[in-house]
Trainee: 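Input: one structure, supplied below.
From a predicted model like this one, the values you see are computed outputs, not experimental measurements.
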Amino acid sequence: MKSKVVVVGQGYVGLPLAVRAALAGHQVVGYDVDTDRVKRLMTGESYVEDIPGEQLTVLLDQGSYLPTTDPSDLDGFDIAVVTVPTPLRDGAPDLSYIESAAHTLAGRLRPGTTVVLESTTYPGTTVELLVPLLEEGSGLVAGDDFHLGYSPERIDPGNPTWRLENTPKVVSGIDAASLVAVKAFYDTITSTTVPVRTTEVAELSKLIENTFRHVNIALVNEMAMYAHELGVDVWEALDAAASKPFGFMRFTPGPGVGGHCLPVDPEYLSWRVRRTLGRSFQFVELANEINGHMPDHVVQRLLLAFNARRKPLAGSRVLLLGLAYKPNTGDARESPALRVAELLLGMGADVRAADPYVVEAVTVDSKLVRCDFSAEELTAADAVVLLTDHDAFDYELVARGSDFVLDCRHRLETGPTVEVL
């Protein structure tokens with residue numbers, strides 16, 4: 001059945017959801033408070049790699065997708081999905097964007113409407129925060145008058161295999177009727193839904209997924225640091241371990257973790273445990289420490305490489321390949337590459353960065369120079385640091401045309417001019 005669907009937040013989660021819902025036949029309003037972002041969407045310009053601009057243009061022309069900053073365009077919605085950011089501020093969750101979304105939606109709630117929260121947060125947010133805000137602003141009763149649920153996002157930017165429509169979707173509701181309504185909506189846009197009994201279970205499931213990755217990446221990062229000092233090739237060892245067909249899942253070292261998920265989401269669980277139970281979540285806090293230290297380790301390795309070549313890092317030209325937190329995307333949120341750039345600039349290096357995907361400005365010292373990937377840039381650099389292994393980079397050219405490369409992603413063969421993290 002065709003419904004009016006409002007998606008609050010048109011970022012890396014909200015825009016793919018809005019487009020998928022429109023393709024499934026719903027009338028979709030993509031609401032965002034960022035005026036520049038909405039202007040771009042209105043012209044068919046996409047800033048998310050998984051959403052082609054041509055696809056946006058078709059949906060705009062059909063009238064099935066309306067990007068807007070005007071709250072009145074939300075009037076008469078049947079389903080609203082909240083996909084706003086949930087950043088950390090001084091180690092505590094900042095839920096102000098969820099609160100703002102709730103205030104915007106509350107006055108437009110009608111009996112029978114459905115609201116779903118997708119933003120990552122700690123267990124209890126839907127019931128403890130969203131219910132009272134929506135009830136107070138609408139005069140309606142959650143469960144009795146309108147449906148409310150939680151469904152954690154599982155968007156993986158740049159993944160050509162697992163997309164929104166074929167990735168299993170966890171769904172929940174504050175009561176049985178809400179679960180039915182939430183599941184019915186997602187059944188129209190995804191191939192598989194996974195119902196759970198409570199919103200708290202659904203909220204925790206998201207944190208379990210990302211904490212699992214965060215902890216295991218920290219494990220191999222620490223192994224990489226010690227293996228290098230012990231003179232053992234950790235990458236070959238990981239390849240050997242991965243030959244085991246059971247009981248092992250391969251994770252790889254890198255310059256740190258980025259995006260919203262890994263640097264932020266496990267902290268929600270740690271914060272909730274500290275606040276509610278008065279204890280520390282030691283695995284999460286240790287993983288934070290290790291992964292957060294990796295940019296410093298990269299810079300330390302580079303400094304040692306300069307020392308071995310009897311060259312000062314200060315005043316030398318360093319080319320960073322990649323600013324995004326993962327390959328083949330333009331998402332630089334919480335990217336460890338930004339911290340590496342900041343540290344190198346602070347040590348007096350002349351830092352340049354090439355990334356064909358990151359087109360928006362990044363929050364780094366203004367001395368960072370953005371450049372195109374080219375043979376000339378490689379030749380001019382005293383050192384090249386591969387931080388994000390985009391497929392667009394010519395790795396044969398990198399190996400052949402660089403004086404020295406610190407390869408943080410193991411895309412190159414080691415040799416006299418190439419060191420692997």
Side-chain angles (χ1 to χ4, degrees), residues 7 10-25 46-56 58-59 81 83 118 120 151-171 183 185-196 202 205-217 220 235 238-239 241-254 257-263 265 322-335 355-359 386-393 395 408-411:
V7 180
Q10 292 295 277
Y12 278 88
V13 175
L15 181 57
L17 177 65
V19 167
R20 177 58 190 157
L23 290 172
S46 174
Y47 38 79
V48 176
E49 293 79 14
D50 299 334
I51 305 299
E54 297 81 2
Q55 191 176 57
L56 276 181
V58 170
L59 295 175
V81 185
T83 65
E118 281 205 9
T120 304
S151 179
E153 59 88 6
R154 281 177 167 171
I155 296 292
D156 187 17
N159 190 326
T161 303
W162 293 106
R163 303 175 61 82
L164 193 155
E165 59 266 27
N166 67 345
T167 300
K169 196 82 166 72
V170 174
V171 294
K183 184 179 184 302
F185 166 64
Y186 284 105
D187 280 339
T188 68
I189 62 174
T190 62
S191 59
T192 306
T193 51
V194 183
V196 297
S205 72
K206 173 64 173 176
L207 299 184
I208 289 174
E209 293 171 17
N210 289 336
T211 302
F212 172 81
R213 291 171 57 213
H214 190 45
V215 168
N216 280 281
I217 291 171
V220 294
W235 296 90
L238 285 168
D239 288 340
S243 67
K244 184 181 180 182
F246 55 90
F248 183 80
M249 181 177 291
R250 191 177 194 272
F251 289 84
T252 55
V257 295
H260 180 278
C261 294
L262 297 195
D265 293 357
L323 290 173
Y325 84 91
K326 64 177 295 185
N328 305 325
T329 77
D331 192 348
R333 292 175 299 170
E334 307 294 333
S335 173
D355 193 309
Y357 292 94
V358 178
V359 296
L386 175 57
L387 295 169
T388 316
D389 52 336
H390 294 310
D391 291 338
F393 293 139
Y395 292 105
C408 299
R409 299 294 184 176
H410 201 212
R411 286 295 294 257

Trainee: Which pair of non-hydrogen atoms, one from Gly330 and one from Val358, has the smallest distance, and what is that distance?
Mentor: O-CG2, 3.7 Å

Trainee: Considering non-hydrogen atoms only, spot the tightest contact between Pro327 and Asp389 and give its length.
Mentor: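 Residues Pro327 and Asp389, closest heavy atoms: CB-O, 3.4 Å.
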
Trainee: At what distance, to the nearest 0.5 angstrom, does CD1 of Ile155 lie from OG1 of Thr167?
Mentor: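 OG1 of Thr167 is found 7.5 Å from CD1 of Ile155.
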
Trainee: Side chain to side chain contact (heavy atoms under 4.5 Å, CB included) for Thr252 and Val220? Distances and angles first, verdict last.
Mentor: CA-CA 6 Å; Thr252 55; Val220 294; 5.6 Å; no

Trainee: So, do Asp391 and Arg411 sit near enough that their side-chain heavy atoms are less than 4.5 Å apart?
Mentor: yes

Trainee: Report the C-alpha separation of Lys169 and Glu153 in whole Å, then their side-chain angles, then the decisive distance to 0.1 Å, and conclude whether the salt bridge (Lys or Arg N to Asp or Glu O under 4.0 Å) test is met.
Mentor: CA-CA 8 Å; Lys169 196 82 166 72; Glu153 59 88 6; over 6 Å; no

Trainee: Between Val196 and Val171, is there a side-chain heavy-atom distance shorter than 4.5 Å?
Mentor: no

Trainee: Glu49: what forms a salt bridge (charged side-chain N to carboxylate O under 4.0 Å, His left out) with it, not counting sequence neighbours?
Mentor: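 Glu49 satisfies salt bridge (charged side-chain N to carboxylate O under 4.0 Å, His left out) with no other residue.
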
Trainee: For residues Thr388 and Tyr325, determine if any side-chain heavy atom of one lies less than 4.5 Å from a side-chain heavy atom of the other.
Mentor: no

Trainee: From Ser151 OG over to Lys183 NZ, what is the distance, rounded to the nearest 0.5 angstrom?
Mentor: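 Nearest 0.5 Å value for the OG-NZ distance: 11.5 Å.
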
Trainee: What's the shortest heavy-atom distance between Val7 and Thr83, and which atoms?
Mentor: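 Closest approach of Val7 to Thr83: CG1-OG1, 3.9 Å.
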
Trainee: Given side chain to side chain donor-acceptor pair (under 3.5 Å), test Asn166 with Ser191 step by step and report yes or no.
Mentor: CA-CA 5 Å; Asn166 67 345; Ser191 59; over 6 Å; no

Trainee: What's the spacing between Thr211 OG1 and Lys206 NZ if we round to 0.5 Å?
Mentor: 10.5 Å

Trainee: Please work out which of the three classes, parallel, tilted or perpendicular, describes the rings of Tyr357 and His390, given edges at 30° and 60°.
Mentor: tilted

Trainee: Is it the case that the side chain of Ser335 and the backbone of Ala332 share a donor-acceptor pair, with hydrogens and angles ignored and the cut-off at 3.5 Å?
Mentor: no

Trainee: How far apart are the closest heavy atoms of Ile189 and Ala24, and which atoms are they?
Mentor: CG2-CB, 3.8 Å

Trainee: Within a strict 4.5 Å, meaning less than it, do heavy atoms of the Val170 and Arg154 side chains meet?
Mentor: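 Yes, side chains in contact.
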
Trainee: Hey, what do you get for OG1 (Thr193) to CZ (Phe185), rounding to the nearest 0.5 Å?
Mentor: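 Atom-to-atom, Thr193:OG1 and Phe185:CZ are 12.0 Å apart.
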
Trainee: Side chains of Tyr395 and Arg409: does their closest heavy-atom pair fall under 4.5 Å?
Mentor: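 Answer no - side chains too far apart.
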
Trainee: Glu165 versus Leu23: any side-chain heavy-atom pair under 4.5 Å?
Mentor: no

Trainee: Taking all non-hydrogen atoms of both residues into account, name the closest pair between Ser46 and Pro52 and its distance.
Mentor: CB-C, 4.4 Å

Trainee: Rounded to the nearest 0.5 Å, what's the gap from OG1 on Thr188 to CZ on Arg20? Could you check?
Mentor: 8.0 Å

Trainee: Give the minimum heavy-atom separation between Phe251 and Arg213, together with the two atoms involved.
Mentor: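 Closest heavy-atom pair between Phe251 and Arg213: CE2-CA, 4.0 Å.
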
Trainee: What distance do His214 atom NE2 and Asn216 atom CG have between them, rounded to the nearest 0.5 Å?
Mentor: 11.0 Å

Trainee: Can you find a pair of side-chain heavy atoms, one from Asp156 and one from Trp162, that are under 4.5 Å apart?
Mentor: no

Trainee: As a quick check of understanding, evaluate side chain to side chain contact (heavy atoms under 4.5 Å, CB included) for Tyr186 and Leu164, giving each step before the final call.
Mentor: CA-CA 10 Å; Tyr186 284 105; Leu164 193 155; over 6 Å; no

Trainee: Measure the shortest side-chain to side-chain distance between Pro16 and Asp50 over non-hydrogen atoms and say whether it is less than 4.5 angstrom.
Mentor: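 No, too far: nothing below the 4.5 Å cut-off.
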
Trainee: Got a sec, which residues hit side-chain contact (heavy atoms from CB on, under 4.5 Å) with Asp239, two or more places apart in sequence or on another chain?
Mentor: Arg250

